[in-house]
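First the structure, in the form of C-alpha cells, and then the observations on it.
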Amino acid sequence: MADQHIWPVIIIGAGPQALALVSYLKCHNDSSATMDDAAHGRFMKHCGKETKHSWAQFVDASILVLDPAGGWLNQWTTQFEALNINHLRSPMMAHPDMSQESALLEHLQLHHSSALHRPVGAAIEGLKSRAGTRATRRRAKKRGGRGAMRYSNGDADPFESSVMYTRPPVPAFNEFLEDVVERTKGPTIMAVKAIGVVVNDDGSKSIELSDGNTVHCHRLVLAVGNGVPRVPTWAEKAYSTRGQPQPRILHTNDLTSMTPDDMNGKRVVVVGGGMSAAHACLQACTNAATTTMISRHDLREQEFDASLPWFSRYSAHAERCAFYQASPEDRMRKIAQARGGPSISSDVLSRLQQVMADGQVHFVQGAVTNLEVCESDWMLSLSTDKAQERDSCNCTDKNDNSESHEGDQDDVDMHADVVILATGFNTTVHGHPLLKQLYQDHAWPVVNGLPVVDSGLTWADGVHVMGSFAALGVGPDAGNLSGARRAAAMIGDVLLSALRDSKAEENDETDTSTKASLRDEKAQYRAGLNNMYMLLQVET
C-alpha cells in the first residue's frame, strides 16, 4: 500500500445524504469550529474568508465520491421525475445545505413565496398552531413581553411560523439544490460503480470498481440509498426474467426505463399501499386503459414518513434522547412504531381518492398469492375479503357458483398487461451487495439486519453508514432529509477530527521541508555557490 494513493475519505453515493455530509465538512471551518460567538466574529472579520477558502480546498482534495450516475443527485432527481412527484415528504427545515437550517425557507421566500401557503394535512394543523403559540409565548417571555422575534423586514421568525411544516415543491427544491451543489462542488466524483470492499490489515480500505480499477481510503462512508428493491416471493421468478419476452413487470425503482407510451391502452396493476404505489397509480391512470391498486391494508394518511413528534421542534429532542438511550433491540421497536407501515401524505391521498371516485383507479384490498403468464398477459391470484369490488377490476371469481359475503375470504384471478411492484426496498445488510460482503467477511454486529453503529455512525474499522441503513443510529427518519442532516453532523464530526489531524501532519511536513531547504540554501551560500538573497528569508 506504500506506493498507492490513499484518500482520507471515500463516499460511495452522490445523493442528498452524501451532499449533506460534504456540505457539513466544508462549512465547518477547522480553525473556528471550537470558538465562541465573539471569538468567531473577530476571526471571520480578520482572516475567516481566506482560511475558510483554504479549508474548503483541503476538504475537496481529501474526498473522493463514487457514483454510477457521475454527478450530485442525478439518480435521485431521475427517480422523482419517473414518479412525477410534486412535493417532498419532508418539512421545510429538512435539506442538505448544512450552512444554515433556514436556507431552503429563505430561498422560497425570495423566489417561490406562494409555495409557503399551500394547504397541509389536518393532522398537523393543531401541531402547527400549538407550535406557533408556544414559541411566541416563550420568546415573548425572554424578550420582556415584546412579542415574537422578527426579522428586520418585519417577517416573523420562521422557526415560530407554521410554514416550518410545509412540504416544499420539487421544482423549487431542485432549484435550491442547484445552488447547494454549486457551493459544495469541488470533491472528485468518479462515474463508476463500487462492486467490492476489502478492509486491509493496516485499517485502510480498498474499493474495487466496475471499470477494473481499485481505489484506497482511510475512512469509507456508505451513502448507498435504500438498497435493492424488495420483490415478493410470488413475483421473484417473473421479476428475475423481466428482460425476456413476456408481459411487462417492474419495480417502482425501474420506472425510469418506462415511458407513458408503454402504458397506453394497457391494463396496469400496482401492488402496494404506500407513497410510491400512490404516485405510480396517479402516473399510470392518465395513460392506461385501466389501473388497479392492490394493497393488503386500508390506505393510511400520514404527512411524513415517521410520526409527527419526530419532526416537531418541540418534541423531537425528547424523542431522539429516548431513542439514543435505548438498546438496539428497543430502537428497532421504536422505529417500527414511529413508521407505522405504508402511508400516504394528505395531498397525494386526496388526489388518489379523487381519481378513484372518477373511476380511473380501482382499489382492491387483498394479498397476491401467485403470478403467472396467461397467453399474452399476466394472471394474478388474489386472496381478498372484498369480493364486491371484483367487477370493476378485471377480476373473476374462481368459485362462480358460490355466494360471496363481505368479510369472507375469496380467491380471485386478475389479468394485467403491466405489473408494477411498489413494495419498497430491502434495507438490511443483505439488501445491498457491499454491506452484505462486509457482513459476511467480518461478521460486524447487526440487529434485525440493520448495522449496529456508534454515535459517529461507524459500523466498524472506519466504515460509516448513512441513509436507511443507519436507522439504528439516526432514528426512524434516517432515510429522510431530516435524518440526513443529523447523520451528516454525526459522521461529519468524526471526519472533521480525522481531516484536521491529517492537515496538521501535512503542515508539519511542509514546515520541516521548508526549514531544511533554507538550511541547504545557506550552506550553498557559505560555500560560494549561491547569492545573499536567500539569507533574507525569515525562519518560522
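- Formation of a donor-acceptor pair under 3.5 Å by the Glu208 side chain with backbone atoms of Val198 is not found in this model.
- Rounded to the nearest 0.5 angstrom, His432 NE2 and Ile12 CD1 are separated by 7.5 Å.
- Every residue meeting the salt bridge (charged side-chain N to carboxylate O under 4.0 Å, His left out) condition with Asp97, not counting sequence neighbours, appears here in chain and number order: Arg183.
- With respect to the salt-bridge test (charged N to carboxylate O, under 4.0 angstrom), the residues Glu101 and Arg485 do not qualify.
- Proximity of a side-chain donor or acceptor of Asp262 to a complementary backbone N or O of Thr259 within less than 3.5 Å is detected.
- Side chain to side chain, Asp254 and Ser257 fail the donor-acceptor criterion of an N or O pair below 3.5 Å.
- Using modelled atom types and a 3.5 Å distance limit, the side chains of Thr427 and Asn226 yield no donor-acceptor pair.
- The number of heavy atoms from other shown groups lying within 6.0 Å of CD (Gln337) does not exceed 12.
- Separating the CE atom in Met356 from the SG atom in Cys285 is a distance of 10.0 Å, to the nearest 0.5 Å.
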Side chain to side chain contact (heavy atoms under 4.5 Å, CB included) evaluation trace for Tyr24 with Leu495:
CA-CA 10 Å; Tyr24 185 88; Leu495 297 186; over 6 Å; no
Output, in order, the C-alpha distance, side-chain angles, deciding distance and verdict of salt bridge (charged side-chain N to carboxylate O under 4.0 Å, His left out) for Asp305 and Arg339.
CA-CA 6 Å; Asp305 52 9; Arg339 289 177 177 170; over 6 Å; no
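- Nearest heavy atom pair, residue Gln17 against residue Ala223, reads CB-CB, 4.4 Å.
- Distance check: Asn253 CG to Phe425 CZ gives 4.0 Å after rounding to the nearest 0.5 Å.
- Here His297 pairs with nothing under the ring pair (Phe, Tyr, Trp, His ring centres under 6.0 Å) rule; sequence neighbours left out.
- Checked by atom type and distance alone, the side chain of Ser312 never pairs as donor or acceptor with a backbone atom of Leu308 at under 3.5 Å.
- What you find for Ser482 and Ala94 is that their closest heavy atoms are N-CB, 3.5 Å.
- Just one of Leu64, Ile195, Val215 meets the side-chain contact (heavy atoms from CB on, under 4.5 Å) condition when paired with Ile207; it is Val215.
- Looking at Val270 and Ile294, their side chains never come closer than 4.5 Å, going by heavy atoms from C-beta outward.
- In terms of heavy atoms, Gly13 sits closest to Ala18 at O-CB, 3.2 Å.
- Applying the side chain to side chain donor-acceptor pair (under 3.5 Å) rule to Asp67 yields no partners; only residues at least two apart in sequence or on another chain are considered.
- For His87 and Phe173, the ring centers are positioned 6.0 Å apart or more.
- In this structure, Arg320 fails the cation-pi test against Phe323, since its NZ or CZ atom is not both closer than 6.0 Å to the six-membered ring centre and inside 45 degrees of the ring normal.
- Side chains of Lys26 and Met98 form no contact here, defined as non-hydrogen atoms less than 4.5 Å apart.
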Side chain to side chain contact (heavy atoms under 4.5 Å, CB included) evaluation trace for Trp459 with Val429:
CA-CA 11 Å; Trp459 193 8; Val429 294; 3.8 Å; yes
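- Leu435 has its side chain out of reach of Trp444: every pair of non-hydrogen atoms, C-beta onward, lies at least 4.5 Å apart.
- In this structure, Arg248 contributes its side chain and Val418 its backbone to no donor-acceptor pair below 3.5 Å.
- Looking at Val269 and Met414, their side chains come closer than 4.5 Å, going by heavy atoms from C-beta outward.
- Distance alone, capped at 3.5 Å, is enough to place a donor-acceptor pair between the Asp417 side chain and the Arg267 backbone.
- A donor and an acceptor atom, one from each side chain of Gln354 and Gln360, are nowhere located under 3.5 Å apart.
- Side-chain atoms of Thr256 do not come within 3.5 Å of backbone N or O of Thr78 as any donor-acceptor pair.
- In this model, no donor atom of one side chain and acceptor atom of the other lie less than 3.5 Å apart for Gln302 and Ser345.
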I'd like to know whether Asp211 forms a salt bridge (charged side-chain N to carboxylate O under 4.0 Å, His left out) with Lys193, so could you lay out the CA-CA distance, the side-chain angles of the two residues, the decisive distance to 0.1 Å, and finally the verdict.
CA-CA 8 Å; Asp211 61 3; Lys193 183 178 181 179; over 6 Å; no
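- Of the options Glu301, Arg89, Glu303, a side-chain hydrogen bond (donor to acceptor under 3.5 Å, both in side chains) to Ser343 is made by Arg89 and by none of the others.
- Side-chain contact between Val465 and Thr458 is absent, with no heavy-atom pair separated by less than 4.5 Å.
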Passes side chain to side chain contact (heavy atoms under 4.5 Å, CB included), Met332 versus Leu472? Steps please.
CA-CA 7 Å; Met332 281 299 307; Leu472 286 179; 3.7 Å; yes
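- Thr291 places no side-chain N or O within donor-acceptor distance of the main-chain N or O of Cys281, the cut-off being under 3.5 Å.
- Without hydrogens or angle criteria, Thr286 side chain to Gln283 main chain gives a donor-acceptor distance under 3.5 Å.
- Two residues are said to be in side-chain contact when any heavy atoms from C-beta on lie closer than 4.5 Å; Phe176 and Pro168 fail this criterion.
- Considering CG of Asp413 and CG of Leu380, their distance stands at 9.0 Å, rounded to 0.5 Å.
- Ring geometry, His251 versus Tyr239: the interplanar angle exceeds 60°, so the pair is classed perpendicular (tilted spans 30 to 60°).
- Side chain of Ser350 to main chain of Ser346: no donor-acceptor pair is present (N/O by atom type, distance under 3.5 Å, no hydrogens or angles).
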I'd like to know whether Asp179 forms a side chain to side chain contact (heavy atoms under 4.5 Å, CB included) with Val181, so could you lay out the CA-CA distance, the side-chain angles of the two residues, the decisive distance to 0.1 Å, and finally the verdict.
CA-CA 5 Å; Asp179 295 338; Val181 170; over 6 Å; no
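- For the residue pair His464 / Arg219, a side-chain donor-acceptor distance below 3.5 Å is found, with atom types taken as modelled.
- Thr252 OG1 to Leu421 CG: the interatomic distance, rounded to the nearest 0.5 Å, is 8.0 Å.
- There is a side-chain donor-acceptor pair under 3.5 Å between Ser206 and His216.
- In this structure, the separation between CG on Leu66 and CH2 on Trp7 is 9.5 Å, given to the nearest 0.5 Å.
- Other residues, nucleotides and ligands place no more than 12 heavy atoms under 6.0 Å from the CD atom of Gln75.
- Closest heavy-atom contact between Met466 and Ile491: CG-CD1, 3.2 Å.
- In summary, the side chains of Gln109 and Ser113 do not present any donor paired with an acceptor at a separation below 3.5 Å, with no hydrogens or angles considered.
- A donor-acceptor pair under 3.5 Å links the side-chain atoms of Arg167 to the main chain of Leu88, judged by distance alone.
- The pair Asp60-Lys185 does not meet the salt-bridge criterion, since no charged nitrogen lies less than 4.0 angstrom from a carboxylate oxygen.
- Side-chain atoms of Pro247 and Val419, non-hydrogen and from C-beta on, never get closer than 4.5 Å to each other.
- Proximity of Met93 to Leu105: side-chain heavy atoms (C-beta onward) are separated by under 4.5 Å at one or more points.
- Contact detail for Pro16 and Pro96: the closest heavy-atom pair is O-CB, 3.8 Å.
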